[in-house]
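In what follows, every chain begins at residue 1, and chains take the letters A, B, ... in the order their sequences are listed.
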Number of protein chains: 2
Amino acid sequence: MPVRITADDVAKAAGVSRAMVSRAFTPGASVSAKKREHVLAVAQTLGYRPNLIARGLTGQRTGLIAVVVGEISRPYEAWLLEHLAQALSAHGYQPLLLPMFKDASLTEILDHALAYQVDGAIVAAGSVSREVADRCRASGAPLVLIGRVLEKSETDAVCCDNSKGMHLLVDRLVRQGRRRIAWLGGTLDTFSDQERQLGVEQALAHHELALTAQLRGDFSLHSGVEEGGRLLDAGLALDGIMCANDAMALGVVEAAAQRGIKVPDEVAITGFDDVPGAAWGRCPLTTVRNPVRETALAALRLLDARLQTPGRATQVVRVGVTLIERASA
Amino acid sequence: MPVRITADDVAKAAGVSRAMVSRAFTPGASVSAKKREHVLAVAQTLGYRPNLIARGLTGQRTGLIAVVVGEISRPYEAWLLEHLAQALSAHGYQPLLLPMFKDASLTEILDHALAYQVDGAIVAAGSVSREVADRCRASGAPLVLIGRVLEKSETDAVCCDNSKGMHLLVDRLVRQGRRRIAWLGGTLDTFSDQERQLGVEQALAHHELALTAQLRGDFSLHSGVEEGGRLLDAGLALDGIMCANDAMALGVVEAAAQRGIKVPDEVAITGFDDVPGAAWGRCPLTTVRNPVRETALAALRLLDARLQTPGRATQVVRVGVTLIERASA
DNA sequence: CTGAAAGCGCTTACAG
DNA sequence: CTGAAAGCGCTTACAG
């Protein structure tokens, strides 16, 4: 059996009390510089590190932050997770990864995380109910939402300006003379899907236009190929297909290519997010940049602020988007 | 301040001892079914869940498994992480995500995780030294490697058959009459890069051929575009470019398209991994399937086995690969 | 600045 | 089957 070196061992070896060892490892504790140095040196040679689990028990912070994301193999989620993990590590937090699989219950997932005494949670998947938010608050673990906003719930959130993004894209298409535009939505009951579709409709209405058709995929490239194909085969003489995210747009590009339909000459295709792959391949995507890094940093800032001052006012950060003009529209 | 409900609260409310509460939550503990039911019911209404942090302190398992991966935004890593996270959750483990950023030290990263009393670690990034392996063993946290093998180190590992994969690809190219083949390698000092390049060289030698040229990227699509472009511009009359992974191969496809070079007519391009995106885009990739799901499951199996019987013999699992024939070669 | 003591929330022998 | 007690490794008032 491996021997765990404890603060007691270090205390004995250094000829001090156990409390001293603890203080040596606590920045800002009152210890003489000399003693701290000595204790730290002894700890070093013994290979001692404070047991963070034990520390968490004394009511201290554990440093654990629950991170709930959707399917990691999707470009946007992977990209966001990377920035989130990086930002958390950089701030001394440790991400406890909670992947949401189909039909998983956010409540159960978060409950489990709460049992680990996470200091807080960042949720970028699933639909968050008031109930879930309340439960987290009750446990003293602040919740920060990404890509979804829970109205009147006093829950901090950061979300990109979906409506603005869609207006930028619609304006471009209309300026190109496109009038017969279809919408390929994402998974039903998804916050971003709803905001984006609403944005498209409002932007079109602004030009006294309406959607010619609409279909729904599941945000995956594959569903883009399938549903995009259906839209193209419907004989609607579409001149534009707007998608709820890049992955589906890339799928529609594929579907068009399979049918020998020229993009953007015959039909324009737009995405959303500007994931790394959007710039490459058959037809670089005209899309809207969803600033992932900025989003991750904002989420962390909100979490930190809430941890520092639990009573502060709820804040919803809307990060800005940019139109990215490429070949597909 | 939020009130934490403890086992004591439940004990009082249920009229039993604290030990009873603990037993009620311990499968297989000796409690009368009646009592357990009662305690569980009371716990339920009070909203009690055992504090896993406290449980971890008593020497129990924490259920935490450190998962070290490289850049998550890369398709293969994301894909692997997804399967890993899924497998771990399904087995009641909780992944503690430890992303390896450039020039991070695996030792430090794992040390930090060890301070959280992780039950074990799965490492799929960085180069693992004997030192790191020993340190983990000393802490009683078994280490399982993915995609790398540490010779004579008594470290369990699961890795795909890189050599076999490369032989499959080389044989195909040679059968197509290709003779002037270049190699685009990945990041230096990477286990899979080394095994794959060695595999290519041996397979070529088998046909009494040798590499016409070689260059090195960093496994990213971008580096594939850059270095692939260089290879194509070198005036070497190449008829095949083999890449250490799919992302770079996709980049080379791009570079060829930019130059109006026909794939596979003028030059064949091969990848490795068969990531989700390999089947789509400008030119579907001929590649080798790296069975990610099987890999994740095998890693978990090794971890479980080691946790059960610490003394068992070291095991290195080589998962099989399959040739995936598509348009690019 | 430093040490002895109490306590964080749980589990596990030890008696019964 | 059940309870009282000790202990996991740490931190934090409390004295000095």
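Contact annotation: B/Lys35 does not reach the phosphate of D/dC1 (side-chain N/O to OP1 or OP2, under 4.0 Å).
Atoms CD and CD, from A/Gln86 and B/Glu71 in turn, are 8.5 Å apart once rounded to the nearest 0.5 Å.
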Got a list of side-chain donor-acceptor pairs under 3.5 Å for residues 91-98 of chain B, not counting sequence neighbours?
| from | atom 1 | to | atom 2 | distance (Å) |
| --- | --- | --- | --- | --- |
| B/His91 | ND1 | B/Asp304 | OD2 | 3.3 |
| B/Tyr93 | OH | B/Asp304 | OD1 | 2.6 |
| B/Gln94 | NE2 | A/His112 | ND1 | 2.9 |

Please tabulate, for the side chains in residues 72-80 of chain B, all donor-acceptor contacts under 3.5 angstrom to protein atoms that are two or more places apart in sequence or on a different chain.
| from | atom 1 | to | atom 2 | distance (Å) |
| --- | --- | --- | --- | --- |
| B/Ser73 | OG | A/Glu82 | OE1 | 3.2 |
| B/Ser73 | OG | A/Glu82 | OE2 | 3.4 |
| B/Arg74 | NH1 | B/Asp218 | O | 3.4 |

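Under the rule for a ring-ring contact (aromatic ring centres under 6.0 Å, His included), A/Phe191 has no partner lying at least two apart in sequence or in another chain. In this structure, B/His38 has no ring-ring contact (aromatic ring centres under 6.0 Å, His included) partners at least two apart in sequence or on a different chain.
Residue contacts for A/Ser30: at a heavy-atom cut-off of 4.0 Å it reaches a base atom on one of the strands shown.
In this structure, A/Ser22 contributes its side chain and A/Arg18 its backbone to no donor-acceptor pair below 3.5 Å.
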Could you walk me through whether B/Lys35 and B/Arg23 pass side-chain contact (heavy atoms from CB on, under 4.5 Å), step by step? CA-CA 10 Å; B/Lys35 206 135 227 168; B/Arg23 290 190 188 105; over 6 Å; no
Base contacts versus sugar-phosphate-only contacts with protein, heavy atoms under 4.0 Å: please encode nucleotides 8-16 of chain D as B, S and - from 5' to 3'. BBBBBB---
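Centroid-to-centroid, the aromatic rings of A/Tyr116 and B/Tyr116 stay 6.0 Å apart or farther.
The distance from atom CE of B/Met20 to atom P of D/dA4 is 11 Å, rounded to the nearest whole Å.
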Let me check I have this right: for DNA chain C, each base becomes ., (, ), [, ] or |, based on Watson-Crick or G-U pairs with both distances under 3.5 Å. What is the full string? |||.||||||||.|||
